[in-house]
Amino acid sequence: MADLKVNVNGITFKNPVLTAAGPNVRNAELMLKAVAGGAGGVVSKTVSLKPAHDLRPTIRRAVCQGIMNCETWSETPFEEMLEEYRKVKETGVPLIISIGYKPEEVKKLGSIIEKEVAPDAIEFSTHYVGGEIGPLIEVARSLRETVKLPIWMKISPNFPYVKELASRVSEYVDAFVAINSYGPVLNFDVESMEPLLGSEYGQGWLSGPPILPIALRIVYEIATVQDKPVIGVGGIEKGVDAIKFFMVGASIVQVCSAAIKRGHTVYGKIAREIEEWLDAHGYRSIEEIKGLYKEKLKERRKFSKIPVMTIDENKCTGCKACISRCIQGALYMDGKVAKVIGENCIGCGYCQDYCGYGAMKLQEV
Ligand SMILES: Cc1cc2nc3c(=O)[nH]c(=O)nc-3n(C[C@H](O)[C@H](O)[C@H](O)COP(=O)(O)O)c2cc1C
């Protein structure tokens, strides 16, 4: 059986599935439920010096199995959270405390938390720090000057210069966490025109499966420009989602929306699915698949001219699933099999995703 144990910044996690900051880890009771549900480590809801006051409703269903929210940070004063953290620390499960936002805030919170709780690491959220590199580095540097604990920097997906930020800030932090929820986004009920969320005009942040590809791209970029560990988060619902994050360079992962949707046992379930996938593919540890995507890219087939879709008539079952997927009119049925009109095909590859029989392949002809 594959070994799920991982070590990041000298912290040993019994499995690589941690909680991500959110309502799922708002207090000790919920954090302990996550531990009982199999989480390999706990990252708590972000606290700041002043408690938040979020307008209700704060969490709604969104497109493509996602979630939209307008939660900001913890509504519980951080002084009250100190006791909550201690209860989690007693379990021996690695505890990472999330804080925000301005340099003077993280300095104060960081030093109190290091002294009073001594968690395994401190994560800081950059969600409300803006899009300029300078202020983001400033927060990281302030925290570095203040605490000795490992520092995890959480990256927001709307930040445009991720590679530059990661390489420049790497000296101040011990790991990166990518990504926070995406947005702002907006949705409302079309009949009543009521916003779904209680925020100013119904705007909020998108999370869950719709943001998984954004998160993969950002984890890949961070992992390729610097050497500090990267923690993947965004849309993970199943073991194979997490496997993709390891392949693009993540060391461990975090989960928030899937827990909101499916409860506290989701962490352990994802961990078991990771183990099953590794076993089924002959890998003994996460380390063995970490960064494999970049390696494989070197062997990628490249076309020297525009390819055309080809169909293996022995494999085509005549199911017609591809036919309506070609807006170019390059596919037609010839008796019981699908065929391609070469001069209409633009080699986009889209129809191939609907062939469940492996009968379609792009080729240079
Ligand atoms: C309702 C809600 C509240 C959240 N609160 C925080 C927070 O306080 N601090 C933070 O860094 N991220 C917060 N997040 C972002 C998550 O930690 C996570 O980065 C993001 O949702 C993507 O992961 P997911 O798709 O597994 O949810 C929140 C997400 C949701 C859905």
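In this chain, residues are counted from 1 in sequence order. We count ligands from 1, going down the list as the structure has it; atoms in each ligand are counted the same way. From a predicted model like this one, the values you see are computed outputs, not experimental measurements.
- For ligand 1 and Gly234, the ligand atoms under 4.0 Å from any heavy atom of the residue are 22 (C), 23 (O), 25 (O).
- Atom 30 (C) of ligand 1 has its closest protein heavy atom at Asn69 ND2, 3.4 Å.
- Close approach to Ala20 involves these atoms of ligand 1, each under 4.0 Å from a residue heavy atom: 17 (O).
- Proximity annotation for atom 27 (O) of ligand 1: of Ala258, Ser257, Pro209, Ser257 comes nearest, heavy atoms only.
- Environment of CD in Gln65: sparse, with no more than 12 heavy atoms of neighbouring residues, nucleotides or ligands closer than 6.0 Å.
- In the model, Ser125 has no side-chain atom that pairs as donor or acceptor with a side-chain atom of Thr46 under 3.5 Å.
- Nearest to atom 23 (O) of ligand 1 among the protein's heavy atoms is Val233 CG2, 3.3 Å.
- Among all protein heavy atoms, the one lying closest to atom 8 (O) of ligand 1 is Lys45 NZ, 2.9 Å.
- In this structure a side-chain-to-backbone donor-acceptor pair under 3.5 Å is missing from Gln254 to Ala20.
- Ranking protein heavy atoms by distance to atom 9 (N) of ligand 1, first place goes to Thr46 OG1, 2.6 Å.
- Ranking protein heavy atoms by distance to atom 21 (O) of ligand 1, first place goes to Ser207 CB, 3.2 Å.
- Applying the 4.0 Å criterion to heavy atoms of Pro23 picks out, from ligand 1, the atoms 1 (C), 2 (C), 3 (C).
- Of the listed residues (Asn180, Ile179, Val233), just one forms a side chain to side chain contact (heavy atoms under 4.5 Å, CB included) with Ile211, and that residue is Ile179.
- Nearest to atom 20 (C) of ligand 1 among the protein's heavy atoms is Ser181 N, 3.8 Å.
- For Lys154, every heavy-atom contact with ligand 1 shorter than 4.0 Å involves the side chain, none the backbone.
- Annotation for Glu104: atom CD counts as buried by contact number, over 12 foreign heavy atoms lying within 6.0 Å.
- By the criterion of a heavy-atom distance under 4.0 Å, both the backbone and the side chain of Asn180 are placed next to ligand 1.
- Atom numbering of ligand 1 starts at 1 in the shown order; those under 4.0 Å from a heavy atom of Ile59 are 1 (C).
- Distances shorter than 4.0 angstrom occur between a heavy atom of Ile179 and an atom of ligand 1.
- Residue contacts with ligand 1 for Leu212 are absent, since no atom lies close enough (heavy atoms, distance under 4.0 Å).
- Every atom of ligand 1 is numbered from 1 in the order shown, and the set under 4.0 Å from a heavy atom of Gly22 is 3 (C), 4 (C), 5 (N).
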Take Glu105 and Lys50, measure what salt bridge (charged side-chain N to carboxylate O under 4.0 Å, His left out) needs, and give me the verdict at the end.
CA-CA 9 Å; Glu105 290 176 313; Lys50 285 200 188 115; over 6 Å; no
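- Side chain of Asp120 to backbone of Leu95: a donor-acceptor contact under 3.5 angstrom is found.
- Under the 3.5 Å distance criterion, the side-chain polar atoms of Asp241 are matched with a main-chain donor or acceptor of Lys238.
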Starting from the C-alpha separation in whole Å, work towards a yes-or-no answer on side-chain contact (heavy atoms from CB on, under 4.5 Å) for Lys148 and Glu114.
CA-CA 8 Å; Lys148 294 203 170 50; Glu114 184 169 60; 3.7 Å; yes
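- His281 and Tyr283 have parallel rings, their planes meeting at less than 30° on a 0 to 90° scale where 60° marks the start of perpendicular.
- Less than 4.0 angstrom separates some heavy atom of Thr72 from each of these atoms of ligand 1: 8 (O).
- For atom 3 (C) of ligand 1, the nearest non-hydrogen atom of the protein is Glu71 OE1, 3.2 Å.
- Between Tyr350 and Tyr354, the ring planes lie perpendicular to each other; the angle is over 60°, past the 30° to 60° tilted range.
- In the vicinity of Ile211, heavy-atom distances shorter than 4.0 Å reach the ligand 1 atoms 22 (C).
- Near Gly235, with a cut-off below 4.0 Å to any heavy atom, the atoms of ligand 1 are 24 (P), 25 (O), 26 (O).
- With distances taken over non-hydrogen atoms, the option nearest atom 6 (C) of ligand 1 out of Cys256, Ala21, Gly232 is Ala21.
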Just do the salt bridge (charged side-chain N to carboxylate O under 4.0 Å, His left out) check on Asp189 and Arg60 with the steps written out, would you?
CA-CA 12 Å; Asp189 179 86; Arg60 301 299 295 266; over 6 Å; no
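- Ring-centre distance between Trp73 and His127: not below the 6.0 Å cut-off.
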